[in-house]
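Working notes, beginning with the structure itself.
Atom set for the values below is all heavy atoms of this structure, side chains included, hydrogens, waters and symmetry mates excluded. In what follows, chains are A, B, ... by sequence order, proteins preceding strands, each numbered from 1. It should be emphasised that the depicted structure is a prediction, and the values quoted were computed from it without experimental measurement.
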Amino acid sequence: MKPPPFDYHAPASLEEAVALRAADPDAALLAGGQSLVPMLNLRLARPSALIDLRRVGGLSYVRVGDGGVAVGAMTRQRELERSGDAFAACPLLREVLQLVGHPPIRNRGTVGGSIAHADPAAELPAALCALGGAVTVLGPQGARKIAAERLFLYPFTTSLERDEVLTEVFFPAPHAGSGYAALEFARRHGDFALAGVCAIVSNGSVRLCFTGVGGRPMVVDSEDPDAWQAAVDPSADAAGSADYRRRLVDVLGRRVLDLARSRSLR
Amino acid sequence: MTIVRVEVNGVQVEREVEARLLLSDFLRHELGLTGTHVGCEHGVCGACTVLVDGAAARSCLTLAVQCDEASVTTIEGLAQNGELHPVQAAFRESHALQCGFCTPGFVMAVTALLEERRGEILSDGEVREALAGNLCRCTGYQNIVRAVQLAAERLG
């Protein structure tokens with residue numbers, strides 16, 4: 001229950017972090033550590049080195065404008081949750097963040113870390129996909145943007161190259177008057193959900209994104225429960241069977257649509 | 001080995017540590033502050049909760065090196081001049097502990113909660129939700145909720 005040995009770097013600039021990452025394909029980036037450190041403790045991860053981003057400046061901010069909320073990768077989840085400007089522009093974010101772990105976890109956990117970790121049961125990746133957001137990454141060749149729908153590939157796997165570092169997450173604000181909602185079902189509040197869902201509804205368009213019921217966030221642009229079932233691919237574990245999770249998809253999908261519609265201006 | 005400079009309970013300390021050393025082990029083994037308890041060591045039980053720069057954090061999910069240039073408060077840092085902190089006093093008076101293993105984590109989490117929600121009246125439900133990340137296996141939650149409300153009242 002202790003981390004295995006690793007080399008440790010705490011670079012002072014993004015360029016240094018990118019160079020370190022490019023030089024060692026087995027190194028892992030450390031943001032808040034709320035997923036990586038338990039994986040180290042349980043020895044599920046054995047990186048050769050950790051590249052700690054805490055000393056890299058300019059990666060912690062919440063900027064509202066340009067049609068959405070731009071969040072620096074190292075911004076603590078709690079800071080985004082508390083941001084009144086982010087709430088005004090995109091209230092879904094606060095609703096989703098309050099489902100993430102517990103306050104002590106969100107005090108340390110970062111927005112970029114959760115996105116880059118790409119846990120298939122995590123909430124923030126589902127919110128990013130529901131909103132149709134994007135991330136900015138920096139590599140040796142410079143910066144590029146990756147749309148949410150091309151970011152999450154498989155469990156714990158994104159389309160970032162091994163020498164790229166995620167620097168910003170952009171959550172577009174839904175159109176004024178849109179309805180939104182996030183719901184999940186967990187055995188205890190704060191646990192990873194057996195299934196969760198985010199919804200955005202506006203002017204006849206509907207988008208749902210399910211989490212915990214497939215290898216990545218599962219987006220479906222339909223209000224038809226049969227379409228949801230076709231989109232998800234749940235598996236079984238000790239917490240629940242695949243059939244049980246399919247039932248949760250149905251129930252949570254209906255509830256989240258009702259809630260999102262009740263909040264929309266028609 | 002990496003040098004860590006950190007303020008713990010108001011005292012500046014400097015140690016050379018392995019990068020893989022957890023903050024919980026740094027506090028207990030390097031500094032002898034054994035009030036911080038280690039339960040599950042993967043972020044589930046909350047027994048190891050401390051304050052990092054004033055915010056509640058799991059010391060078992062934090063590397064000591066991540067706290068370089070930060071300030072850490074542990075259960076040993078709450079009492080002032082031999083007087084229990086109001087949260088500690090409320091736990092004692094409300095019988096909010098039995099075996100006491102989870103208590104330091106609860107007290108630190110509650111201290112951060114009441115700092116954040118100062119002046120507010122917290123319902124049973126709000127207290128339970130705020131403390132859902134701290135487990136007590138003696139099933140003492142009834143009295144823990146009462147202790148939080150008593151401390152909230154006194155802190156005003």
Practice prompt. Check whether A:Leu36 gets within reach of chain B through its side chain, its backbone, both or neither, counting any heavy atom under 4.5 Å.
Written response: neither
Worksheet item: Just by modelled atom types, is the B:Ala55 backbone N or O under 3.5 Å from a matching donor or acceptor in the A:Asn107 side chain?
Response: no
Fill in: chain B interface, residue from A:Gly32, A:Gly101, A:Ala10 that has the most non-hydrogen pairs under 4.5 Å
A:Gly32
Discussion item. Is it true that, when you exclude B:Ile121 itself, more than 12 heavy atoms of the residues, nucleotides or ligands shown sit nearer than 6.0 Å to its CD1?
Written reply: no
Worksheet entry | A:Leu40 versus chain B, the contacting section by heavy-atom distance below 4.5 Å | neither
Fill in: Test item: B:His42 and A:Met1 side chains (from C-beta on) under 4.5 Å apart, heavy atoms
yes
Fill in: Atom group of A:Arg54 that falls short of 4.5 Å from chain B, counting heavy atoms
side chain
Practice prompt. Using atom types as modelled and distance alone, determine if a side-chain donor or acceptor of B:Arg20 lies under 3.5 Å from a backbone N or O of A:Pro3.
Written response: yes
Worksheet item: Side chain, backbone, both or neither: which part of B:Val52 has a heavy atom under 4.5 Å from chain A?
Response: side chain
Fill in: Contact class of B:Asp25 relative to chain A, heavy atoms under 4.5 angstrom
side chain
Worksheet entry | A:Gln34 (side chain) donor-acceptor with B:Leu61 (main chain) under 3.5 angstrom | yes
Fill in: Residue B:Glu116 versus chain A: region with a heavy atom under 4.5 Å
side chain
Item to complete: With a 4.5 angstrom heavy-atom cut-off, could you sort out which part of A:Arg55 is near chain B: side chain, backbone, both or neither?
Response: neither
